Amino acid sequence: MTIEEMNTYKMRISQAGIAELTLIMLEMEMQWTQEACDAYENNMLDEFLDCVNKAQSTQIELMNVLNLENTVSVDVYSVFVYINKMLIQSEIKQEPQDLMRCVGMLRKFYDSLQKIAKTDTAGPVMEKSEKVYAGLTYGAGGLVENSVGGHDYSV
């Protein structure tokens with residue numbers, strides 16, 4: 001994942017509600033898993049393992065935030081356990097273990113959660129964070145994205 005993509009995720013996270021945060025985590029995990037498979041195909045083992053570790057960290061966080069008092073969450077949890085198992089096996093064996101199938105499963109959760117996220121009216125989780133406005137200006141070092149509060153993000 002490039003620095004620019006990480007900065008985009010950071011800005012989205014600062015303005016996201018609970019459902020949107022979950023969507024972002026799913027997006028990040030799918031991207032890291034895809035990048036792990038690409039790295040493996042290009043014989044870049046260190047990058048493969050790094051991407052698998054990041055995907056697994058995200059997967060564990062997704063598992064931790066589930067409300068297991070809800071029966072649907074229990075079913076989702078069992079799928080997440082399987083995905084986590086595949087990530088662990090991929091790291092141990094140092095090769096993709098059904099990872100693209102896992103991405104497909106995550107995609108299904110993502111698509112379903114997108115519909116749910118549209119009904120989330122609670123507002124941003126980080127209410128006190130600065131607002132990020134779309135727009136670029138030219139700065140001394142190139143393009144700079146400005147935000148309220150005096151923080152600049154260079155692109």
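Fair warning: this is a prediction, and the values are worked out from it, not measured in the lab.
Counting only residues at least two apart or on different chains, the ring pair (Phe, Tyr, Trp, His ring centres under 6.0 Å) pairs with a member in residues 22-72 are Y40-F48.
When side chains are defined from C-beta on, M25 does not count as touching L106, because their heavy atoms never get closer than 4.5 Å. Two residues are said to be in side-chain contact when any heavy atoms from C-beta on lie closer than 4.5 Å; Q97 and L87 fail this criterion. Here the side chains of Y82 and D98 are in contact, with some heavy-atom distance below 4.5 Å. Here the side chains of M100 and C37 are in contact, with some heavy-atom distance below 4.5 Å. No side-chain heavy atom of T58 sits under 4.5 Å from any side-chain heavy atom of K54.
Of the inter-residue distances, the one linking L113 atom CG with K115 atom NZ reads 11.0 Å to the nearest 0.5 angstrom. Taking OG of S57 as the start and CE of M28 as the end, the distance is 10.0 Å to the nearest 0.5 Å.
In the hydrophobic cluster analysis, where Ile, Leu, Val, Met, Phe, Trp and Tyr join through side-chain heavy atoms closer than 4.5 angstrom, V65 is grouped apart from Y77. Cluster annotation: I60 is not connected to I83 through the hydrophobic network of ILVMFWY side chains, with a link wherever side-chain heavy atoms come within less than 4.5 Å.
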* **Check against side-chain hydrogen bond (donor to acceptor under 3.5 Å, both in side chains), Q31 and E35** => CA-CA 6 Å; Q31 184 171 348; E35 288 179 10; 3.0 Å; yes
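Under a 3.5 Å cut-off, the side chain of N84 and the backbone N or O of F80 do not form any donor-acceptor pair. Using a distance-only test at 3.5 Å, with no hydrogens or angles considered, no donor-acceptor pair links the side chain of T33 to the main chain of L99. Side-chain atoms of N42 do not come within 3.5 Å of backbone N or O of M44 as any donor-acceptor pair.
No more than 12 heavy atoms of other residues, nucleotides or ligands sit less than 6.0 Å from atom CG of D46. Heavy-atom contacts from other residues, nucleotides or ligands closer than 6.0 Å to CG of L68 number more than 12.
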